Amino acid sequence: MSSTSLWEVFGVILQIVVLLVVISFSAGLITRGKNVLLTVFFTFSLVSWLLSDFYWITYDLLRPGTRMPLAANELGECALSLLMAAGLSPYIKKETSRPRWEAVYAILFTVANTALWIVWSGEWLQDIVCGLALCVFTSVVAIILIQTETIPRVVRVLLVLSSVLVLVFQTACTYIKTPLTKVLEYSSYVLMYAFLAYFIIKAFILHRSGARTKPFVLMTAAFCWAEFNLYMSPGWIYSVSLMVFTVTIPFMYLTLRREVYADDIC
């Protein structure tokens, strides 16, 4: 097993520990919070990811170096996306027009990523299945971000332009192997992490100011964005992305607690 693989296993074990802790706290909010459905969907989405981690690490230990078939880990990842989308869907305002363009772009971005996953892994069935579930999640997040006016228009424009560049850079790196494309590849990671940092920092600024809803929406967007980072990253960058993705989980719980627990004063 390579050193990178060892770091990946360590990262998954760490994520399992974090998930167990956050799930226990989140489950406690179900009986004490004011938004039971959101808490239930959030808790079970993390349980789904936990089961996916357990399956992945068991399979990796039993059959190291072999390609994993369509199995429980993909179903867990799909369940995560669909349960998160279901928990967030009540935030969509029915009385106002929905931002269709933003939702369509979120879906197109996910579809483009799915196409790259298929090229990279050759596992077209599970990538399509996971991509479809993630399309639902990303479109719901995009609609709520716009309707709640959580991020300004200029940031949305920059986000679209940067995400297009990320897709172009990653595609170029996939088919053209030169030192220049290596620079483009790392530039794409910088762009992805720049917006991830923006989501997290703004969420904490709003959280400290006592705001509700917007911090949770931003941390959910950060969680979703970190998931794209994870699927896009190879080697040691994947290990780093896995750690960062894990960090977003307790951060998201903190903003959820503010959102669903009326007596939260932290």
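As the structure is a computational prediction, the values presented were derived from the model and not from experiment. Here, residue 1 is the first one in the sequence, and each next residue gets the next number.
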### Aromatic ring proximity, centroids under 6.0 angstrom, F204 and F251
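Close enough - the centres of the two rings lie under 6.0 Å apart.
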### Query
Does the gap between the ring centers of W225 and F109 come in under 6.0 Å?
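Yes: the rings meet the under 6.0 Å criterion.
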### Message
Which residue is it: T138, T248, T110? I am looking for the one with a side chain to side chain contact (heavy atoms under 4.5 Å, CB included) to C224.
### Response
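The residue from T138, T248, T110 that satisfies side chain to side chain contact (heavy atoms under 4.5 Å, CB included) with C224 turns out to be T138.
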### Query
What orientation do F216 and F42 show, parallel under 30°, tilted 30 to 60°, or perpendicular over 60°?
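Judged by the thresholds at 30° and 60°, the geometry between F216 and F42 is perpendicular.
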### Task
For the pair Y105 and W101, name the ring-plane relationship: parallel under 30°, tilted 30 to 60°, perpendicular over 60°.
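Plane angle under 30°, so parallel.
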### Query
Excluding sequence neighbours, so at least two apart, what forms side chain to side chain contact (heavy atoms under 4.5 Å, CB included) with I118?
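By the side chain to side chain contact (heavy atoms under 4.5 Å, CB included) rule, I118 matches T114, W124, D127, I128.
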### Query
CD1/I146 to CD/E102 distance, rounded to the nearest 0.5 angstrom?
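Here the interatomic distance stands at 4.5 Å.
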For the hydrophobic clusters of this structure (ILVMFWY residues joined by side-chain heavy atoms under 4.5 Å, transitively), does one cluster hold both [X] and [Y]?
X    : Y    : value
Y198 : L165 : yes
V190 : L158 : no
Y253 : V17  : no
V247 : V21  : yes

Determine whether the side chains of [X] and [Y] contain a donor N or O and an acceptor N or O closer than 3.5 Å.
X    : Y    : result
T181 : Y175 : no
Q170 : S188 : yes
Q15  : W49  : yes

### Message
Does S241 form a side-chain contact (heavy atoms from CB on, under 4.5 Å) with I237? I'd like the steps, not just the answer.
### Response
CA-CA 6 Å; S241 298; I237 301 177; 4.1 Å; yes
### Query
Any side-chain heavy atom of Y91 within less than 4.5 Å of one from T213?
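Contact flag for Y91/T213 side chains = yes.
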### Message
With heavy-atom distances below 4.5 Å as the criterion, would you say the side chains of W120 and M232 are in contact?
### Response
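Heavy-atom side-chain distance check passes, below 4.5 Å.
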Hydrophobic side-chain clustering at under 4.5 Å (ILVMFWY, transitive links): who's grouped with [X]? Put none if nobody.
X    : value
L82  : V136
I107 : V111
F44  : I30, V36, L37, V40, F41, L83
V183 : none

### Other residues, nucleotides, ligands: >12 heavy atoms within 6.0 Å of Y186 OH
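Result for OH/Y186: enclosed.
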### Task
Using salt bridge (Lys or Arg N to Asp or Glu O under 4.0 Å) as the criterion, list what pairs up with E227, not counting sequence neighbours.
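E227 satisfies salt bridge (Lys or Arg N to Asp or Glu O under 4.0 Å) with no residue once adjacent residues are dropped.
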### Message
Under a 3.5 Å distance rule, please check whether T255 uses its side chain to pair with a backbone N or O of M252 as donor and acceptor.
### Response
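The answer is yes, because a donor-acceptor pair under 3.5 Å joins these two groups.
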### Query
Going through the distances and angles, do F228 and V166 end up as a side-chain contact (heavy atoms from CB on, under 4.5 Å)?
CA-CA 11 Å; F228 280 111; V166 167; over 6 Å; no
